[in-house]
Amino acid sequence: MRFNELLEMSGICVVDRGGDDNPAVNGVVYDSRCVKPGSVYVAIPGIKVHGDKFIEAAVKAGAAAVISENPQTKISVSWAAVKDVRTAPGLLGKSLWGIDLSAMRLIGVTGTNGKTTTVCLFKNLLNRIVGEDHSWMFGTVENCFGKNKVSATHTTPESIDIFRYINESEIKPKALAMEVSSHSLALRRIAGMEFDLAVWSNLTQDHLDFHKTMDEYYAAKKLLFVDYLKDGGYAIINIDDGYGRRLCREIKANNNVLTYGTSGDADVRIIGQKCDWNGSAVTIGYNGREYGFSSALRGAFNIYNMTAMIAGAFALGVDPQEIAGTLANTCVVSGRMDRVDIDAPFTVVVDYAHTPDALVNVLKTSAEITPGRLICVFGCGGDRDRTKRPLMAKAVSENCDQAIVTSDNPRSEKPDAIINEVVQGMPLDFPYTVVADRREAISSALHCARPGDCVVIAGKGHETYQEICGTRHHFDDREEVVNLYRKMVGNNAE
């Protein structure tokens, strides 16, 4: 394809052009290290460095043309200055490879908490509808290309990467479910995507280091429902969530909306639920009928994740028996209310909860099904929203019996400095200790647990590393529990 034709087909707004030729192009990249002869290099502004700094390297590597938000009058290849360069990679890639999303079912899930589990539920539903070979998923834990699973590096990939995967795949997807983060929406990384279902789980405090205010955070999430729904697509919205109810009011006039929750005016209403360590069951009211569903997923918050999938399935016209079969065959998602398999008289749960609201949900759920005390091991990540740190402590102190404050992923910050900000939210009369070394903190919790107690290790969930001073060291909370308990039992036997 020729450069001029690609620009026209993609629909991006060109404000200036340069170069004397109209080169043939065979690829689109936004990373200069990936440039090959014939590529179009798109210089997007990064968080730390602008892509313009790598234009010269891209040209030397064989880039046939360059796109930037700035005119590039000094380079030797064709260039275009565009109004919104962040949307360019996705739109160009979609046009170059002829990606037709109208033939696919696309489901996007956004919200502070619950995205990973909800997307996994939709993936399992799509497996039943189109077959596992043709069902894809992108999420925080892993990406699935049919039966092929790979670890994820980002919650939400760039849309151009998704289009590239589709173009290069021998077995094309017929359906795709993905987590859509607020960062990807604010930075327009999903340009060109079109969803049959856009799902809203909830909105609670997180990422204010990036969005600055809750209104900005909400506005970013809202974009999924305003800019990326197909004609005739459905917005699936939790109206028990205050921001979800606001979203419903603001978009209902122009969109198909199906609401869910316990609220009396919810379209898909939760009218009964039961949770224990074996799983959850929910009774749903929809269109004047009642339906019962059960799953191995644990916790009241998973009732909402299940109901989000149920509502989406109803919107797609899926038979209730298929929905029931999907839920009945769904396993616990890695690092989400993940009970560690050790032969102990107490329970140990690993969970990804790293926001105040997520901690409250996990701890309340665990307390309801725990006969003894509830002990929480938690910390806060470095280089992230600092305002939530004392709120994390408050959430823990109000919902468990004892806590150990430790290190999470300190990244470039000093663990002790993070912990000092966390404990500012601890009441003076609440029983907590500080153990900065995460392994020692987990060991301490296991040693103080008594029969009937539950230890919740929060913050890292599925992660198998701890990031300290820019280096990732292997660390898996689940592995640590197994190894530490085995050592503890061995020492007791001696």
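For the pair Glu322 (side chain) and Ile129 (backbone), a donor-acceptor distance under 3.5 Å is absent. At least one donor-acceptor pair under 3.5 Å links the side chain of Thr87 to the backbone N or O of Asp84. Looking only at distances, no side-chain donor or acceptor of Lys487 sits under 3.5 Å from a matching main-chain atom of Val482.
The shortest non-hydrogen separation linking Ser159 to Ala191 is OG-O, 2.7 Å. Across all non-hydrogen atoms, the minimal contact from Met137 to Glu142 is CE-O, 3.7 Å. The heavy-atom pair separating Ala308 from Ile236 by the smallest distance is O-CG2, 3.9 Å. Minimum heavy-atom separation, Lys222 to Leu247: CG-CD1, 3.6 Å. Pairing each heavy atom of Val109 with each of Lys115, the nearest pair is O-CD, 3.7 Å. Between Tyr352 and Glu463, the closest heavy-atom pair is CE1-OE2, 3.8 Å.
Cation-pi geometry between Arg298 and Trp277 is not satisfied (NZ or CZ under 6.0 Å from the ring centre, within 45° of the ring normal). Because its NZ or CZ atom is not both nearer than 6.0 Å to the ring centre of Tyr260 and within 45° of the ring axis, Arg269 does not count as a cation-pi partner of that residue.
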| said: Evaluate Glu413 against Arg389 for salt bridge (Lys or Arg N to Asp or Glu O under 4.0 Å), listing each step before the verdict. | reply: CA-CA 14 Å; Glu413 291 191 65; Arg389 292 174 183 175; 2.7 Å; yes
| query | Going through the checks in order, is the salt bridge (Lys or Arg N to Asp or Glu O under 4.0 Å) test met by Arg246 and Glu250? | reply | CA-CA 6 Å; Arg246 172 181 166 184; Glu250 292 176 358; 3.0 Å; yes
| Stepwise side chain to side chain donor-acceptor pair (under 3.5 Å) check, Ser280 with Gln273 | CA-CA 7 Å; Ser280 304; Gln273 57 183 288; over 6 Å; no
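In this structure, Tyr165 and Phe145 have perpendicular ring planes: the angle between them is above 60°, well past the 30° mark. Taking the six-membered ring where the residue is Trp, Tyr432 and Phe430 present parallel rings, their angle staying beneath 30° rather than reaching 60°.
A side-chain hydrogen bond (donor to acceptor under 3.5 Å, both in side chains) with Lys460 holds for exactly one of Asn409, Asp476, Asp408, Asp477; it is Asn409.
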